[in-house]
Enquirer: 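Mind having a look at this structure? Questions to follow.
Atoms considered below: every heavy atom in the structure, side chains included; atoms not considered: hydrogens, waters and symmetry mates. Lettering follows sequence order; numbering is per chain, from 1.
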2 protein chains.
Amino acid sequence: MSGVRAQQKQKTRQALIEAAFNQLSAEHSFSNLSLREVAREAGIAPTSFYRHFKDMNELGLTMVDEAGLTLRQLMRQARRRIASGGSVIITSVETFMEFIDTSSNQFRLLLRERSGTSKAFRAAVAREIKHFILELAHYLETETPCDKHHAYMQSEAMVTLVFNAGAEALDQDAQQRGELTERLIWQLRYIARGANHYGA
Amino acid sequence: MSGVRAQQKQKTRQALIEAAFNQLSAEHSFSNLSLREVAREAGIAPTSFYRHFKDMNELGLTMVDEAGLTLRQLMRQARRRIASGGSVIITSVETFMEFIDTSSNQFRLLLRERSGTSKAFRAAVAREIKHFILELAHYLETETPCDKHHAYMQSEAMVTLVFNAGAEALDQDAQQRGELTERLIWQLRYIARGANHYGA
DNA sequence: TATTTTAGCGTACAACTGTACGCTGAAATT
DNA sequence: AATTTCAGCGTACAGTTGTACGCTAAAATA
């Protein structure tokens, strides 16, 4: 029932996705990928592309899902580290920086399409980020003295800062990143402190 | 010495810039503007474009400067309002939201090119934002009990949150914007509180 | 007045894009 | 074994892009 055929199809589908991710870089964003180039890198004819996606848009949305998945998996791993005694703020920041380093093209996709030209893309990225915010908010609500509403606002602010720091880190060398991370941690402390003050 | 000729040249140059801004929208970003379309909207032949800019890139950088200028002017006006007795946080946020509303395409340019595919663009936008941060940091340093380093970090965090809230606001209706703004103000309060605590 | 400068135009071209259409061969189904 | 399904291919086409080149007319300069 697995099917030699269906299996092969899945394989070239994945090849298309990977080809597209490979072509993302600091100088190349999703919106200026071309269907033909992606097909070429995946090793299939341009017209075969349509056997897998109706559109470059459809490919892109799939890629956003995949990037979101990567991020969620990484964060699950972070929670494990936190549970076994790490600092919440520092562990989270480190994990996120790891994501940016090892999956920079996936991060770039989220980063850019968050304010890109397709409403569907923007919504998809916003959804991924919201997951993130809600998880952190849940943690803050149960583990710190902070009411629900303030926990959410606190979480939202923190995620925004972390995400933005990630964006800046993309263009920086190791030393600059170190300073950036240090500043970021202070800023997260501000928020934690302030939220706990106002949020009862 | 003003020159009928130089004057006309300046005029069509400005027409090109305005044409390009007009073609920006939620669905159209700078990187997928075409030289020909811009020239067409400005009412000149495609090849005449080169009499004014060597490149679409050069046009874009000019546009970033112009958007930065608009923003700085608006903020100077905000400081006047603050000096005559307004709340710093609320006045700044209101002014920024005004910018997004009345110059949304200029904001979109800054927003997108901040993480765009051209390093020069990214640097140009970063410069504009840094202006912003430094000005606010200066204010915080002199007007609140906060040492220099913490004032900078506080300012950076605040500007990041405001900028990002602006990005979200672009896709929202009046009611959602209201809620967003309210959350943003709380988040800025967190930061102010936390920074004043840690920053002596 | 004679000369130089230059903003803007039209033509032309090669490169590239998305995609419609029909074929093929092998896997899947009957 | 006969039939159907379908991933992938090649060809073809119309549309768009950036830009090289040389011309023109009017403004600026000498």
Enquirer: Check whether NZ of the Lys or CZ of the Arg Arg189(A) lies under 6.0 Å from the centre of the six-membered ring of Trp186(A) and within 45 degrees of that ring's axis.
Expert: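 Checked: cation-pi criterion met.
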Enquirer: Which whole-number value in Å describes the distance from Arg40(A) CZ to dC9(D) C1'?
Expert: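 Arg40(A) atom CZ is separated from dC9(D) atom C1' by 15 Å.
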Enquirer: Roughly, in whole Å, what's the span from NZ in Lys54(B) to C1' in dA20(D)?
Expert: 16 Å
Enquirer: Report yes or no: is there a donor-acceptor pair, N or O only, under 3.5 Å between the side chain of Arg36(B) and the base of dT16(D)?
Expert: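 There is none.
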Enquirer: For Phe53(A) and dA7(D), give me the distance from atom CZ to atom C1', rounded to whole Å.
Expert: 14 Å
Enquirer: Record whether the side chain of Arg5(A) comes under 3.5 Å of the base of dC6(D) through a donor-acceptor pair of N or O atoms.
Expert: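 Yes, a donor-acceptor pair under 3.5 Å.
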Enquirer: For Arg13(B), report the nucleic acid contact type (base, sugar-phosphate, nothing); a contact means any heavy atom under 4.0 Å.
Expert: nothing
Enquirer: Taking OP1 and OP2 of dG8(D), is either one under 4.0 Å from a side-chain nitrogen or oxygen of Thr12(A)?
Expert: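 Yes, because at least one side-chain N or O of Thr12(A) sits under 4.0 Å from OP1 or OP2 of dG8(D).
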Enquirer: If you look at every heavy atom in Leu109(B) and Val64(B), which pair is closest and at what distance?
Expert: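 Where Leu109(B) meets Val64(B) most closely, the heavy atoms are CD2-N, 3.6 Å.
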Enquirer: Grab the NZ-C1' distance between Lys9(A) and dA26(C) for me, whole Å please.
Expert: 15 Å
Enquirer: Side-chain N or O of Ser48(B) less than 4.0 angstrom from OP1 or OP2 on dA7(C)?
Expert: no
Enquirer: Is the phosphate of dT19(C) approached by Thr47(A) (side-chain N or O, under 4.0 Å from OP1 or OP2)?
Expert: no
Enquirer: For Gln7(B) and dG8(C), give me the distance from atom CD to atom C1', rounded to whole Å.
Expert: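 From Gln7(B) CD to dG8(C) C1': 18 Å.
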Enquirer: Whole Å only: how far is the CG atom of Leu35(A) from the P atom of dG15(D)?
Expert: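 My rounded result for the distance is 19 Å.
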Enquirer: Determine the minimum heavy-atom distance between Thr91(B) and Arg81(B), stating which atoms define it.
Expert: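 Minimum heavy-atom contact is CG2-CB, 3.9 Å.
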Enquirer: For Gln10(A) and Gln14(A), which I'm curious about, is there any donor-acceptor pair between the side chains at under 3.5 Å?
Expert: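 Short answer, no.
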Enquirer: By the 4.0 Å heavy-atom rule, please label Glu37(B) as base, sugar-phosphate, or nothing.
Expert: sugar-phosphate
